[in-house]
Amino acid sequence: MTDGPSLALSAQDSLVALMVAVSASDEDIRTAELVKIQSAVNMLPIFADFDNDRLTVISKTVFDLFEQEDGLDALFGLIRAALPERLYETGYALACDVAAADGTLDEAELRLLEEIRYELNIDRLHAAAIERGARARHVV
């Protein structure tokens with residue numbers, strides 16, 4: 001697979017891709033998860049100059065990659081190439097927030113979060129703190 005211009009991601013695109021991937025991991029994208037993604041893009045300073053039209057492009061890229069045999073590996077390759085290390089924990093935190101947005105974490109979401117921790121080299125203690133914060137923010 002070659003990384004053509006359509007597959008070149010920005011750091012912001014990578015953060016969106018992580019959120020979309022977690023939402024799509026269980027093959028059931030819930031409204032609460034979509035609202036969380038849109039809210040993050042609209043409210044967080046990291047997305048201040050993000051083009052909202054990119055949401056559709058990034059989502060399609062994630063969905064297309066999920067249909068390929070090695071698509072998850074390819075997605076992580078694109079994300080690691082574009083996302084500065086200083087934003088790895090931000091990406092993990094956003095992914096956790098999306099996963100927790102509907103009040104449940106299913107097995108597919110948990111597996112993908114584990115993979116994200118591994119791929120982005122998130123320290124286990126830091127990951128636990130990020131996960132606890134996401135849980136606390138989404139208690140109903």
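What you see is a predicted model, and the numbers here were worked out from it, not measured in a lab. FYI, side chains are in, hydrogens and waters are out, and symmetry mates aren't considered; it's all heavy atoms of this structure.
The minimum heavy-atom distance between A24 and I29, with the atom names listed, is CA-CG1, 3.9 Å. Taking each heavy atom of P84 and A11 in turn, the nearest pair found is CD-CB, 3.7 Å. D26 and S23 make their closest contact through OD1-O, 3.1 Å (heavy atoms, listed as atom of the first residue, atom of the second, distance).
Considering only heavy atoms from C-beta on, Q38 comes within 4.5 Å of L55 through its side chain. Side-chain contact between L112 and L72: present, with at least one pair of heavy atoms (C-beta onward) separated by less than 4.5 Å.
Atoms CG and CD1, on L87 and I46 in that order, are 4.5 Å from each other to the nearest 0.5 Å. Distance CD/E115 to CG/L120: 10.0 Å, rounded to 0.5 Å. Atoms CD1 and CD, from I79 and E119 in turn, are 9.0 Å apart once rounded to the nearest 0.5 Å. Atoms CG and CD1, from L125 and I130 in turn, are 10.0 Å apart once rounded to the nearest 0.5 Å. Rounding to the nearest 0.5 angstrom, the gap separating the CZ atom in R132 from the SG atom in C96 is 12.5 Å. The CG atom of N52 sits 5.5 Å away from atom CG of N42, with the distance rounded to the nearest 0.5 Å.
Both L75 and F63 belong to a common hydrophobic cluster when Ile, Leu, Val, Met, Phe, Trp and Tyr are linked at side-chain heavy-atom distances under 4.5 angstrom. Taking hydrophobic clusters as Ile, Leu, Val, Met, Phe, Trp and Tyr residues chained together by side-chain heavy-atom distances below 4.5 Å, L44 shares a cluster with I58.
Proximity of a side-chain donor or acceptor of D70 to a complementary backbone N or O of D73 within less than 3.5 Å is not detected. Looking at S39, its side chain never comes within 3.5 Å of a backbone N or O of K36 through a donor-acceptor pair.
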Give the C-alpha distance, both sets of side-chain angles, the deciding distance and a yes or no for side chain to side chain contact (heavy atoms under 4.5 Å, CB included) between V57 and D13.
CA-CA 9 Å; V57 174; D13 292 340; over 6 Å; no
Criterion side chain to side chain contact (heavy atoms under 4.5 Å, CB included) on Q12 and D49, from CA distance to verdict:
CA-CA 9 Å; Q12 294 164 326; D49 60 350; 2.7 Å; yes
Determine, step by step, whether E33 and M19 satisfy the side chain to side chain contact (heavy atoms under 4.5 Å, CB included) criterion, reporting the C-alpha distance in whole Å, the side-chain angles of both residues, the deciding distance to 0.1 Å, and the verdict.
CA-CA 9 Å; E33 295 168 337; M19 291 189 287; over 6 Å; no
Go through L18 and L94 one step at a time and tell me if the side chain to side chain contact (heavy atoms under 4.5 Å, CB included) criterion holds.
CA-CA 8 Å; L18 285 168; L94 290 170; over 6 Å; no
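Annotation: ring-ring contact (aromatic ring centres under 6.0 Å, His included) contacts of F47 (sequence neighbours excluded): F50.
For residues 77-125, there are no ring pair (Phe, Tyr, Trp, His ring centres under 6.0 Å) pairs, not counting sequence neighbours. Annotation: salt bridge (Lys or Arg N to Asp or Glu O under 4.0 Å) contacts involving residues 84-110, sequence neighbours excluded, comprise R30-D102, D97-R137.
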